[in-house]
Novice: 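Structure incoming, see below.
First the proteins, then the strands, lettered A, B, ... as listed; each starts at 1. What's counted below: heavy atoms across the whole structure, side chains too, no hydrogens, waters or symmetry copies. As the structure is a computational prediction, the values presented were derived from the model and not from experiment.
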Amino acid sequence: MPLQPLLLLSAALFCVGIYGVVSRRNAVGVLLSVELMMNAVNINLVAFSHYHGSHVGQTFAVFSIALTVAEVVVGLALVILLYRAEKDVAVDGVQALKE
Amino acid sequence: MDPIAFGIVAACLLLAALFVVSSKNLVHAVLWLAVTLATTAVLFVLLQAPFLAGIQILLYTGGVITLMLFGVMLTRRHERVFIENETSSRRRVPGILAAAVLFGVIASATYKTPGLPTATGRGSVSTQEIGKAFLTDHLLAFEVLSILLLVAMIGAIVLARKADFGKERERVIPVRGEKAT
């Protein structure tokens with residue numbers, strides 16, 4: 001099987017994630033969509049690693065997964081902070097970073 | 001890789017991803033994300049990356065999903081679970097446009113790029129190789145990553161902690177005493 005279908009699958013997942021980021025109003029929903037996008041990136045890395053027969057792609061994917069987890073932790077902390085400040089987590093009203 | 005297996009996994013992935021971005025109830029969206037991530041682990045197994053499949057299940061399906069569920073439940077406003085007008089057409093149309101344009105660009109680039117590998121390489125990459133690469137070629141990145149995780153942890157605690165935590169405790173306790181008397 002050629003590589004292209006895998007790349008297309010990952011591109012499609014990434015685009016679904018972009019749609020989610022643009023259309024969700026809830027901040028946690030936006031974070032979920034960002035997760036989808038990161039997942040698409042990992043699929044790409046692993047696919048290239050498999051087709052080139054090299055371990056570098058998988059090593060990079062492990063780094064990327066750890067980065068994603070760190071991002072989720074900080075993102076959720078920000079969402080909870082937002083909820084405490086505004087009593088709401090809809091992203092369209094938020095403009096101030098600091099009260 | 002077996003094309004039929006790939007087709008099934010790809011269909012499951014796309015369907016679950018669409019439910020993640022479209023379901024009204026955010027708890028359901030998180031659970032659909034769990035399905036997406038677990039299916040990705042299956043895809044990793046098909047791509048002969050068992051170590052990454054394990055990490056995917058452990059970190060994403062175990063850790064991130066739990067965190068997300070906490071996030072949803074800590075930030076909901078009312079008893080009933082969710083927000084009407086979660087997506088309005090004002091936001092949906094630009095979203096679909098952006099996604100479609102980007103997908104078109106990537107798809108055409110994918111098919112126009114010469115020299116993409118067509119057959120698989122030398123087969124499975126062993127976990128041993130990945131571990132060795134961590135501690136030899138990518139040692140610096142590995143150490144920087146561990147510092148980043150520490151910083152993210154401290155940052156999350158600092159951000160989510162109440163700013164006047166000490167004061168609030170002092171304030172709360174007498175009030176309770178007052179009610180009791």
Side-chain angles (χ1 to χ4, degrees), chain A residues 1-9 11-20 22-29 31-33 35-36 39 42-43 46-47 49-56 58-59 61-63 65-70 72-74 76-81 83 87-90, chain B residues 1 3 6 10 13-14 17-18 20-21 26 29-30 33 37 40 43-44 47-49 52 55 59 63-64 67-68 71-72 74-75 77 83 86-87 91-92 94-96 98-99 102-103 106-107 110-111 116-118 120-122 125 129-130 133-134 138 141 145 148-149 152 155-156 159-160:
Chain A
M1 206 183 94
L3 180 59
Q4 274 89 347
L6 274 164
L7 297 185
L8 283 187
L9 171 66
L13 277 179
F14 193 85
C15 292
V16 171
I18 282 195
Y19 167 70
V22 176
S23 68
R24 280 277 186 202
R25 277 185 72 229
N26 189 296
V28 182
L31 270 182
L32 289 180
S33 309
E35 283 305 295
L36 271 184
N39 200 40
N42 288 340
I43 290 177
V46 176
S49 161
H50 178 58
Y51 276 80
H52 282 296
S54 145
H55 63 267
V56 180
Q58 289 195 28
T59 315
V62 174
F63 283 134
I65 288 177
L67 279 177
T68 312
V69 174
V72 168
V73 168
V74 176
L76 276 179
L78 283 176
V79 169
I80 287 174
L81 203 65
Y83 176 73
K87 288 286 162 234
D88 190 11
V89 287
Chain B
M1 189 170 53
F6 172 73
L13 259 178
L14 281 178
L18 284 176
V20 172
V21 293
L26 216 54
V30 175
L33 184 71
L37 297 175
T40 310
L43 187 63
F44 286 169
L47 287 170
Q48 298 180 336
L52 266 175
I55 285 197
L59 274 186
V64 171
L67 270 181
M68 286 291 186
V72 172
L74 283 176
T75 58
R77 256 183 313 178
I83 300 188
E86 172 62 29
T87 60
R91 305 169 148 274
R92 231 179 281 150
I96 289 173
L102 186 72
F103 183 73
I106 296 179
T110 304
Y111 277 100
L116 281 179
T118 49
T120 54
R122 63 190 163 91
V125 173
E129 273 177 276
I130 301 174
F134 270 140
H138 307 290
L145 186 73
L148 176 99
L149 285 180
L159 281 176

Novice: Assess the residue pair A/V62 and B/I55 against the criterion (side chain to side chain contact (heavy atoms under 4.5 Å, CB included)); give the C-alpha distance rounded to whole Å, side-chain angles, the decisive distance to 0.1 Å, and a yes or no.
Specialist: CA-CA 8 Å; A/V62 174; B/I55 285 197; 4.1 Å; yes
Novice: Start with the C-alpha distance between A/L6 and B/L43, add both sets of side-chain angles, then the distance that settles side chain to side chain contact (heavy atoms under 4.5 Å, CB included), and finish with yes or no.
Specialist: CA-CA 10 Å; A/L6 274 164; B/L43 187 63; 4.3 Å; yes
Novice: Shortest non-hydrogen contact from B/R92 to A/S23?
Specialist: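 Shortest heavy-atom separation between B/R92 and A/S23 comes out as CA-CB, 4.4 Å.
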Novice: Not counting sequence neighbours, which residues clear ring pair (Phe, Tyr, Trp, His ring centres under 6.0 Å) with B/F134? List them please.
Specialist: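 Per chain and number, B/F134 pairs via ring pair (Phe, Tyr, Trp, His ring centres under 6.0 Å) with A/F63, B/F142.
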Novice: Of all heavy-atom pairs between B/V21 and A/S33, which one has the smallest distance, and what is that distance?
Specialist: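 Heavy-atom minimum between the residues: CG1-OG, 4.0 Å.
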Novice: Given the options A/L7, A/N39, A/L13, A/V69, which has more heavy-atom pairs under 4.5 Å with chain B than any of the others?
Specialist: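 When all of A/L7, A/N39, A/L13, A/V69 are compared, A/N39 has the most.
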Novice: Which answer fits A/L81, side chain, backbone, both or neither, if we ask what part of it has an atom under 4.5 Å from a heavy atom of chain B?
Specialist: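 Just the side chain, heavy atoms under 4.5 Å.
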Novice: Do A/V28 and B/T75 come close enough that some side-chain heavy atom pair is under 4.5 Å?
Specialist: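 They are in side-chain contact.
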Novice: Among B/L33, B/I106, B/L148, single out the residue with the greatest number of heavy-atom pairs under 4.5 Å to chain A.
Specialist: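 Looking at each option in turn, the highest pair count goes to B/L33.
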Novice: From B/I130 CD1 over to A/H55 NE2, what is the distance, rounded to the nearest 0.5 angstrom?
Specialist: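 So the gap between those two atoms works out to 8.5 Å.
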Novice: Report the option among A/L3, A/I80, A/I18, A/V46 that has the most heavy-atom pairs separated by less than 4.5 Å from atoms of chain B.
Specialist: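 That would be A/V46.
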Novice: Is it the side chain or the backbone of A/L76 that comes within 4.5 Å of chain B heavy atoms, both, or neither?
Specialist: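 Just the side chain, heavy atoms under 4.5 Å.
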Novice: Between A/A27, A/A47, A/A77, which shows the greatest number of heavy-atom pairs under 4.5 Å with chain B?
Specialist: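 So the answer, after comparing A/A27, A/A47, A/A77, is A/A77.
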Novice: A side-chain contact here means heavy atoms from C-beta on lying under 4.5 Å apart; do B/L18 and A/Y19 qualify?
Specialist: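 No; the side chains remain at least 4.5 Å from each other.
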Novice: Taking every non-hydrogen pair under 4.5 Å, which of B/A107, B/A49, B/G71, B/A98 racks up the most with chain A?
Specialist: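 It is B/A49.
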Novice: Roughly how far apart are A/N26 CG and B/L26 CG, rounded to 0.5 Å?
Specialist: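 One finds 5.0 Å between CG of A/N26 and CG of B/L26.
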Novice: Looking at A/G17, A/A61, A/A12, which has the largest count of heavy-atom pairs under 4.5 Å with chain B?
Specialist: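 Going by pairs under 4.5 Å, I would pick A/A12.
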Novice: If we check side-chain contact (heavy atoms from CB on, under 4.5 Å) with A/L36, which of these qualifies: B/T40, B/L37, B/V20?
Specialist: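 It is B/V20, the one option of B/T40, B/L37, B/V20 that forms the side-chain contact (heavy atoms from CB on, under 4.5 Å) with A/L36.
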Novice: Go through the structure and list residues passing side chain to side chain contact (heavy atoms under 4.5 Å, CB included) with A/A66, not counting sequence neighbours.
Specialist: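 Expected list: B/L145.
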Novice: Taking all non-hydrogen atoms of both residues into account, name the closest pair between B/L149 and A/A70 and its distance.
Specialist: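 In terms of heavy atoms, the two residues are closest at CD2-CB, 3.9 Å.
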Novice: Could you tell me which portion of A/T59 (side chain, backbone, both or neither) has an atom closer than 4.5 angstrom to a non-hydrogen atom of chain B?
Specialist: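 For A/T59, backbone and side chain are both near chain B.
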Novice: Looking at A/H50 and B/L47, what are the two nearest heavy atoms and their distance?
Specialist: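 Looks like ND1-O, 3.1 Å.
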Novice: A/N42 vs B/L52, test: side chain to side chain contact (heavy atoms under 4.5 Å, CB included). Steps then yes/no.
Specialist: CA-CA 10 Å; A/N42 288 340; B/L52 266 175; over 6 Å; no
Novice: Would A/Y83 and B/L74 satisfy side chain to side chain contact (heavy atoms under 4.5 Å, CB included), going step by step from the backbone distance to the final call?
Specialist: CA-CA 9 Å; A/Y83 176 73; B/L74 283 176; over 6 Å; no
Novice: Compare every heavy atom of B/A29 with every heavy atom of A/L32, then report the nearest pair and how far apart it is.
Specialist: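 A/L32 and B/A29 have their closest heavy atoms at CD1-CB, 3.7 Å.
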